[in-house]
Amino acid sequence: KEKSVVLHGIDIYFSVSLQGGVDNEVSLTAYITIALLEIPLPVTHSVVRNALFCLEMAANEKENHVYTKALLAYAFALAGKEEKRKALLGSLEKEAVKKDGSVHWQRPGKEPEADLPYYRYRAPSAEVEMTAYVLLAHLTTQPAPSQEELSFASLIAKWISGQQNPNGGFSSTQVGSFSPATSHLGVRRLSECQRPRSE
């Protein structure tokens, strides 16, 4: 299923299946805003400014899906909106699944994992993707992330790494291209942030 959106005269086509199972305008606007900020367009650009305004209004809604919150947190991190980023990460932390020394997020109402011998559960691609967005939101901050954030981010990176299949890939081509890049970026940011600062 594809969706078409016109954002200030720019036609954008997006496959809903690539949105972590969340089909709403807020998620789509967050995706587009992230892409524009990663170009990078400045936050003062009219399209980015208007998109961020819409996202700020949406972020105040209590009913946002965990996947949408992850996207919003990363969009606000890229835009330098630290207060919004922290508020969303705080909300996301309350919904985090903390297990086996790692942290991740899953869709609400998900069935519990089967605990079978000789079976290694791998999360659906949407969960790997939303967890990767949370990792990026933790590491995309100015000034550099705090030691506490870095420690938490390393638990997220551990879970993402554990979702790789025996060949080093992930469950879908989208996650296959997104998560290694995210993990690489996350590891690079973690190492940059942990270097001793010269006085």
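All values reported here derive from a predicted model rather than from experimental measurement.
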Handout entry: Shortest non-hydrogen contact between T140 and L136, atoms and distance
Key = OG1-O, 2.7 Å
Problem - Nearest non-hydrogen partners of A73 and R85, listed with the distance - result: O-CG, 3.9 Å
Handout entry: Rounded distance [0.5 Å steps], CD in E25 versus CD1 in I32
Key = 10.0 Å
Practice task
Could you identify which residues cluster with F53, counting Ile, Leu, Val, Met, Phe, Trp and Tyr as linked when any side-chain heavy atoms lie under 4.5 Å apart, either directly or through a chain of such contacts?
Solution key: M57
Problem - E83, CD: over 12 other non-hydrogen atoms inside 6.0 angstrom - result: no
Practice task
State whether the side chain of R49 and the backbone N or O of V43 hold a donor-acceptor pair below 3.5 Å, judged by distance alone.
Solution key: no
Exercise for the section: With side chain to side chain donor-acceptor pair (under 3.5 Å) as the test, would you mind laying out the steps for Y67 and Q106 before giving the verdict? Expected result: CA-CA 8 Å; Y67 189 90; Q106 61 189 31; over 6 Å; no
Practice task
Take V26 and L72 through the test side chain to side chain contact (heavy atoms under 4.5 Å, CB included) and record every step on the way to the result.
Solution key: CA-CA 9 Å; V26 176; L72 289 170; 4.2 Å; yes
Problem - Main-chain N/O of L52 paired to K81 side chain as donor or acceptor, under 3.5 Å - result: no
Problem - Heavy-atom closest contact (A30 atom, L71 atom, distance) - result: CB-CB, 3.8 Å
Problem - Distance (rounded to the nearest 0.5 Å) between E148 CD and S151 OG - result: 8.0 Å
Tabulate below the donor-acceptor pairs under 3.5 Å that side-chain atoms of residues 86-98 make, not counting sequence neighbours, or state none.
{"from": "S91", "atom 1": "OG", "to": "K69", "atom 2": "NZ", "distance (Å)": "2.9"}
{"from": "E95", "atom 1": "OE2", "to": "K69", "atom 2": "NZ", "distance (Å)": "2.5"}

Exercise for the section: Indicate yes or no for a side-chain donor-acceptor contact from T68 to the backbone of N64 under 3.5 Å, with no hydrogens or angles considered. Expected result: no
Exercise for the section: Starting from the C-alpha separation in whole Å, work towards a yes-or-no answer on side chain to side chain contact (heavy atoms under 4.5 Å, CB included) for Y74 and E38. Expected result: CA-CA 11 Å; Y74 183 48; E38 286 180 336; 2.6 Å; yes
Practice task
In sequence, state the C-alpha distance, the side-chain angles, and the governing distance for E82 and T141, and then conclude on side chain to side chain donor-acceptor pair (under 3.5 Å).
Solution key: CA-CA 7 Å; E82 192 62 17; T141 180; 3.0 Å; yes
Exercise for the section: Evaluate the ring planes of F152 and W105, with Trp represented by its six-membered ring, and classify them as parallel (under 30°), tilted (30 to 60°) or perpendicular (over 60°). Expected result: perpendicular
Fill in the blank from the handout: Output for pair (E127 CD, R107 CZ), nearest 0.5 Å, gives 5.0 Å
Practice task
Please report the closest heavy-atom contact between A75 and L37, naming both atoms and the distance.
Solution key: O-CD1, 3.7 Å
Practice task
Compare every heavy atom of V128 with every heavy atom of A123, then report the nearest pair and how far apart it is.
Solution key: O-CG2, 4.2 Å
Practice task
Could you tell me the separation between the CG atom of L135 and the CD1 atom of I160, rounded to the nearest 0.5 Å?
Solution key: 5.0 Å
Handout entry: Parallel, tilted or perpendicular: rings of Y133 and Y31 (30°, 60°)
Key = perpendicular
Practice task
Show your reasoning for whether side chain to side chain contact (heavy atoms under 4.5 Å, CB included) applies to M130 and V66.
Solution key: CA-CA 8 Å; M130 81 171 100; V66 64; 3.6 Å; yes
Handout entry: P42 to V48 - nearest heavy-atom pair and separation
Key = O-CB, 3.7 Å
Exercise for the section: Could you tell me whether the side chain of P108 reaches within less than 4.5 Å of the side chain of H65, counting heavy atoms only? Expected result: yes
Exercise for the section: Ignoring hydrogens and angles, tell me if any N or O in the side chain of D100 forms a donor-acceptor pair with the backbone of S102 under 3.5 Å. Expected result: no
Handout entry: Electrostatic pair K84-E56, nearest N-O below 4.0 angstrom
Key = no
Problem - Value rounded to 0.5 Å, distance of CD1 in I156 from CG in L139 - result: 7.5 Å
Exercise for the section: Apply the test side chain to side chain contact (heavy atoms under 4.5 Å, CB included) to residues W159 and T131: give CA-CA distance (whole Å), side-chain angles for both, the deciding distance (0.1 Å), then the verdict. Expected result: CA-CA 9 Å; W159 184 84; T131 299; 3.7 Å; yes
